[in-house]
Amino acid sequence: MEVKIKPTMGLTVILIFMACNTDSGKIIAKSDHFKLKVDSLLNIMTLEEKIGQMNQYNGFWDVTGPVPNEGDAEKKYEHLKNGLVGSMLSVRGANAVRAVQKIVVEESRLGIPLIIGFDVIHGYKTLSPIPLAESCSWDLEAIRKSAQVAATEASAAGINWTFAPMVDISRDPRWGRVMEGAGEDPFLGSKIAAARVHGFQGDDLSAINTIAACAKHFAGYGFSESGKEYNPVDIGASTLHNIVLPPFKAAVDAHVKTFMNAFNELDGIPATGNAYLLRDILKNKWDFKGFVVSDWASIKELVMWGYAKDNKAAAKIAAIAGSDMDMESHIYVSELAQLVKEGVVHEDIINDAVRRILTVKFELGLFDDPYKYCDEEREKEVIYSPKHMDAVLDMAKKSIVLLKNDNQLLPLKKEGQNIVLIGALANEKNSPLGSWRIASKDNTAISVLEGMTEYKGNNLVYKKGADVTIGNTQFVNELKINTTDRSEFKEAIDAAKGADVVVMVLGEHGFQSGEARSRTEIDLPGVQQELLEEVYKVNKNIVLVLKNGRPLTINWADKHIPAIVETWQLGTQTGHAVAQVLYGDYNPSGKLTMTFPRNIGQIPIYYNHKNTGRPVADANNPNLVFWSHYSDVENTPLYPFGYGLSYTTFKYEGLKVSKQKFSCAEDITISVKLTNSGKYEGKEVVQLYIRDLVAKVTRPIKELKGFELVNLKPGESKIINFTLNKHNLGYYDNNGDYAVESGDFEVFVGGNSQSTLKTSIELKQVLY
Ligand code: BGC
């Protein structure tokens, strides 16, 4: 094998070369091959150099957190030269990455290349929809491709590791980071986690266009108390094992290379110092072979949590717990060597962490060519390429969810209409890019106005109506929401008066969701609700196009506005996607992956809740209060999980099971006939849910266990089959062990989680 490390490091080259030839003539498994290389490299590293591999610095600017100290850049340079840095984040662009890589490769003793991380969350420069939107497509192949596009662009710009996918399940739309996840369901969330990992990592991590993925944030972050960012998480074992952990396990099964800690504590133990999560579950039970990076400064934050008395104690706790790499705390590099020398942290812990990190570097091919991801030509060629534009447009259309369409107001007629388009967000080219788009150029989204202008057959008039925000909007700063300026209402209302249809684009600014963007009111921000009601007074033919990064409370709109389309933040191709859906060139097929509450007080509200001991009112005395409900709002959500309409309609009938009773060794087939009963060709997400009626730990009233995307022409029917077996019918007990119990189950199939087409099965003779 050929090792292109710095020429001066003769010893390393010799050792690695020898190690790789010990089996000459035999085929060595790839992992063993790397093991030999890693071990021989580890043998010649000093303790300080090993700890250096566990140290990750941000580039020389501030991205998602405070840069620790002044004079920091100078220190970072020194550390790079001395082999005390294993990774950098947020250095991007082939040139910039080459520059930092050159420092370690040419100036440090061993020249071990850096692994370069970046938040490639929904695209690098060409942006896909925010992940929550993508999840509403339920289209795993499209989601995989979207991640692949992101990896292709990022890998040309020097990046070889993304901090994605975020696989945090959340039931709380107050929490701003729900935009970054796949919604509330662990089954769908697990499938999407695997699809994204495959998209980023491909089949061959050493390929030039694939990058290492990172399942984050381990674990529980989506359950931050009261939806407030960085808050503690206090959930029971059943929720942890059945709801939070499955998507992480799915990422491990998909061979994700890295994990990231969560900022939160879990039951009093901060995740970054949580040996139960990191050692017992991740590294031992799941046998995860990759490495764990802390979240930004989360090792240092163990002190603020009151879990470590100082930085030294924090370093000790995090390392022993299993956090392998320190992102921007700067304390592994300052404290760990002394802790090892004092015998407080065993060197085996360091060796294990470094082995994991070096293995990923070998797998990426960084030792073969540290500059392999720095290709200026490829960077120019792939970024914003037409192929990528097509891919993100396809993903954007598939992410749109039609929430309401009374009297078939949609799709819009293509000719002879006077259409008035209202809303600051309709003419926005920045906000639709979403929250995680650090690398992307500002103002590069196709706006809804631009998209609609391409349809020439109608007379289109645009009026802003009102701003959503005031002043500059910046990723790192609080936004100022316009709560007072109604000066442009009148112009919009006057224009709306005579229109055939008014399209109103309202919702959140792209920076209102994402990290550190919790809200306690999740209605239309600022004066937009008033604007909607004022326009409604003069013209009821309104299509409300929502742009937001979380479920919103839109009761008034649901009651009054005839057509509502959830379009989220759809990325670079936003305007084209929205216009094509509004004009019927794409029949919407998205289904919500997060419940829309009726009001804030219902939160957390989610489809897979427990029955309680008092689930319904007394049939003979409905006024009696003693049942599980609120006095001031219904128990049902505004729109349930799995919900979404189409321009056509679908009919479900003939739900059947192959047999009613089955043993644990058997498969059971569930079938249903689906018919497109409307006028348009359309795609339906057919969903299968079960309910385990009695168990040793109570089970939810419904659990998603399968889904299929089915495209049908008008009048066409198809029989859809699902297969269930004992692996789908069990659950994790409170020790985290998978349990399957015999007994009765209900089975539901339909177009959303409230579907009532139901049958039942019985599982007999369970062996484990
Ligand atoms: C976020 C992570 C992100 C990291 C690096 C943190 O603030 O929680 O998700 O990957 O910053 O930018």
Chemist: Closest approach of Leu132 and Pro551, non-hydrogen atoms and distance?
Modeler: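 That would be CD2-CD, 4.4 Å.
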Chemist: So, His727 side chain and Asn725 main chain: donor-acceptor pair closer than 3.5 Å or not?
Modeler: no
Chemist: Once you round to the nearest 0.5 Å, how far does NZ of Lys398 lie from OG of Ser589?
Modeler: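 It is 8.0 Å, given to the nearest 0.5 Å.
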Chemist: Tell me whether Lys651 at atom NZ has more than 12 heavy atoms from other residues, nucleotides or ligands lying less than 6.0 Å away.
Modeler: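 No, the 6.0 Å shell around NZ holds no more than 12 heavy atoms from other groups.
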Chemist: Tell me if the NZ atom of Lys705 is crowded by more than 12 foreign heavy atoms within 6.0 Å.
Modeler: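 Counting other residues, nucleotides and ligands, NZ of Lys705 exceeds 12 neighbours.
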Chemist: Nearest 0.5 angstrom please: Arg691 CZ to Phe745 CZ, how far?
Modeler: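 The CZ atom of Arg691 sits 12.0 Å away from the CZ atom of Phe745.
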Chemist: Do you know the tightest heavy-atom contact between Lys397 and Tyr586?
Modeler: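 Between these two residues, the closest heavy atoms are O-CE2, 3.6 Å.
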Chemist: With under 30° as parallel and over 60° as perpendicular, where do the rings of Tyr230 and Tyr221 fit, or are they tilted in between?
Modeler: parallel
Chemist: Any side-chain heavy atom of Leu655 within less than 4.5 Å of one from Ile670?
Modeler: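 With C-beta onward as the side chain, the pair touches.
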Chemist: For Arg699 and Tyr731, does a side-chain donor sit closer than 3.5 Å to a side-chain acceptor?
Modeler: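 Arg699 vs Tyr731: no donor-acceptor pair found between side chains.
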Chemist: Measuring from Leu506:CG to Leu532:CG, what's the distance to the nearest 0.5 Å?
Modeler: 6.0 Å
Chemist: Quick check on side-chain hydrogen bond (donor to acceptor under 3.5 Å, both in side chains): which of Asn711, Thr648, Thr649 does Asn676 satisfy it with?
Modeler: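 Single pass found, and it is Thr648.
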Chemist: Side chains of Tyr630 and Arg598, heavy atoms from C-beta outward: is any pair under 4.5 Å?
Modeler: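 In short, these two side chains do not touch, never coming nearer than 4.5 Å.
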Chemist: Could you check whether any side-chain heavy atom of Tyr639 comes within less than 4.5 Å of a side-chain heavy atom of Glu566, counting everything from C-beta outward?
Modeler: no
Chemist: Please answer whether the main-chain N or O of Gly751 pairs with a side-chain N or O of Gln687 as donor and acceptor at a distance below 3.5 Å.
Modeler: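 A pair under 3.5 Å: yes.
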Chemist: Answer yes or no: are there more than 12 heavy-atom neighbours, outside Glu478 itself, under 6.0 Å from its atom CD?
Modeler: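 No.
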Chemist: Establish, from distance only, whether the side-chain atoms of His217 and Asp168 form a donor-acceptor pair under 3.5 Å.
Modeler: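 Per modelled atom types, His217 and Asp168 side chains form a pair under 3.5 Å.
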Chemist: So, do Tyr276 and Ile281 sit near enough that their side-chain heavy atoms are less than 4.5 Å apart?
Modeler: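 With C-beta onward as the side chain, the pair touches.
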Chemist: Could you tell me whether a side-chain N or O of Lys673 sits under 3.5 Å from a main-chain N or O of Ser717, the two making a donor and an acceptor?
Modeler: no
Chemist: For the residue pair Pro247 and Pro186, what are the closest heavy atoms and their distance?
Modeler: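 In this case the closest contact between Pro247 and Pro186 is CG-O, 4.1 Å.
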Chemist: Measuring from Glu666:CD to Lys659:NZ, what's the distance to the nearest 0.5 Å?
Modeler: 3.5 Å
Chemist: For the pair Ser658 (side chain) and Thr669 (backbone), establish whether a donor and an acceptor sit closer than 3.5 Å, ignoring hydrogens and angles.
Modeler: yes
Chemist: Going by distance alone, is a donor N or O of one side chain under 3.5 Å from an acceptor N or O of the other, for Lys547 and Thr567?
Modeler: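 There is such a pair (donor and acceptor under 3.5 Å, judged by atom type) between the side chains of Lys547 and Thr567.
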Chemist: Please round to the nearest 0.5 Å and tell me the distance separating atom CG of Asn721 and atom CG of Leu688.
Modeler: 11.5 Å
Chemist: For Asp632, I'd like to know if atom CG has over 12 heavy atoms of other residues, nucleotides or ligands within 6.0 Å.
Modeler: yes
Chemist: Find out whether the Lys NZ or Arg CZ of Lys540 is both under 6.0 angstrom from the six-membered ring centre of Tyr536 and within 45° of the ring's axis.
Modeler: yes
Chemist: Is there a side-chain contact between Asp234 and Asp267 (heavy atoms, below 4.5 Å)?
Modeler: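 In short, these two side chains touch, coming nearer than 4.5 Å.
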Chemist: Checking side-chain contact (heavy atoms from CB on, under 4.5 Å) for the pair Lys696/Asp733: CA distance, chi angles, key distance, verdict?
Modeler: CA-CA 8 Å; Lys696 292 200 180 94; Asp733 67 18; over 6 Å; no
Chemist: Parallel, tilted or perpendicular, judged at 30° and 60°: which one describes the rings of Tyr606 and His609?
Modeler: perpendicular
Chemist: Return yes if some donor-acceptor pair links the side-chain N/O of Arg174 with the main-chain N/O of Arg519 below 3.5 Å, else return no.
Modeler: no
Chemist: Indicate yes or no: does Arg517 engage Glu508 in a salt bridge with an N to O separation below 4.0 Å.
Modeler: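 Salt bridge flag = no for Glu508 with Arg517.
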Chemist: Would a 4.5 Å heavy-atom cut-off, applied to side chains only, mark Met594 and Pro173 as touching?
Modeler: yes
Chemist: Looking only at atom types and distance, does a side-chain atom of Glu225 sit under 3.5 Å from a main-chain N or O of Asn231, one as donor and one as acceptor?
Modeler: no
Chemist: Does the side chain of Thr553 pick up a donor-acceptor pair with the side chain of Asn599 at under 3.5 Å?
Modeler: no
Chemist: What verdict does the salt bridge (Lys or Arg N to Asp or Glu O under 4.0 Å) test give for Lys591 and Glu684, after you've listed the backbone C-alpha separation in whole Å, the side-chain angles of each residue and the deciding distance to 0.1 Å?
Modeler: CA-CA 9 Å; Lys591 302 272 189 177; Glu684 171 73 330; 2.9 Å; yes
Chemist: Under a 3.5 Å distance rule, please check whether Asn264 uses its side chain to pair with a backbone N or O of Ala219 as donor and acceptor.
Modeler: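 Answer holds: yes.
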Chemist: side-chain contact (heavy atoms from CB on, under 4.5 Å) between Ser170 and Arg177: does it pass, once the steps are laid out?
Modeler: CA-CA 9 Å; Ser170 182; Arg177 289 197 92 161; over 6 Å; no
Chemist: Under a 3.5 Å cutoff, is there a donor and acceptor pairing between the side chains of Tyr647 and Glu681?
Modeler: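 No donor-acceptor contact under 3.5 Å links the two side chains.
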Chemist: Can you check side-chain hydrogen bond (donor to acceptor under 3.5 Å, both in side chains) on Thr595 and Arg171, steps first, answer last?
Modeler: CA-CA 8 Å; Thr595 304; Arg171 297 165 166 175; over 6 Å; no
Chemist: Is any side-chain heavy atom of Leu570 closer than 4.5 Å to a side-chain heavy atom of Ser399?
Modeler: yes
Chemist: Quick one about Lys610 and Thr698 (side-chain donor to acceptor, distance below 3.5 Å, no hydrogens or angles considered), yes or no?
Modeler: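 There is such a pair (donor and acceptor under 3.5 Å, judged by atom type) between the side chains of Thr698 and Lys610.
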Chemist: Tell me whether Glu530 contacts the main-chain N or O of Val527 through its side chain, where contact means a donor paired with an acceptor under 3.5 Å.
Modeler: no
Chemist: To the nearest 0.5 angstrom, please state how far the CD1 atom of Ile690 sits from the CD atom of Glu703.
Modeler: 5.0 Å
Chemist: Taking all non-hydrogen atoms of both residues into account, name the closest pair between Leu410 and Leu582 and its distance.
Modeler: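 Answer, listing the atom of Leu410 first, then Leu582: CD2-O, 3.8 Å.
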Chemist: Enumerate the ring pair (Phe, Tyr, Trp, His ring centres under 6.0 Å) contacts for residues 682-716, please, sequence neighbours excluded, ordered by first and then second residue.
Modeler: Trp138-Phe707, Tyr607-Tyr689
Chemist: Taking the side chain as every heavy atom from C-beta outward, state whether Leu546 and Leu524 have any pair of such atoms under 4.5 Å apart.
Modeler: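 In short, these two side chains touch, coming nearer than 4.5 Å.
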Chemist: Is a side-chain donor or acceptor of Ser431 paired with a backbone partner of Gly510 at a separation under 3.5 angstrom?
Modeler: yes
Chemist: Pairing donors with acceptors under 3.5 angstrom, does anything connect the side chains of Ser435 and Ser513?
Modeler: no
Chemist: Any side-chain to backbone donor/acceptor pair from Asn482 onto Thr484? Under 3.5 Å, distance only.
Modeler: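 Yes, the answer is positive, given that a donor and an acceptor are paired below the 3.5 Å cut-off.
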Chemist: For Lys191, look at atom NZ and say whether over 12 heavy atoms of other residues, nucleotides or ligands are found less than 6.0 Å away.
Modeler: no
Chemist: Which heavy atom of Ile422 sits nearest to which heavy atom of Ala496, and what is that distance?
Modeler: CD1-CB, 4.2 Å
Chemist: Write down the atom of Val468, the atom of Gln528, and the distance for their closest heavy-atom approach.
Modeler: CG2-OE1, 3.5 Å
Chemist: List the steps and the verdict of side-chain contact (heavy atoms from CB on, under 4.5 Å) for Trp568 and Val401.
Modeler: CA-CA 9 Å; Trp568 313 107; Val401 186; 4.2 Å; yes
Chemist: Evaluate the side-chain contact (heavy atoms from CB on, under 4.5 Å) criterion for residues Ile668 and Val747: first the C-alpha distance (whole Å), next the side-chain angles of each, then the deciding distance (0.1 Å), finally the verdict.
Modeler: CA-CA 11 Å; Ile668 185 152; Val747 176; over 6 Å; no
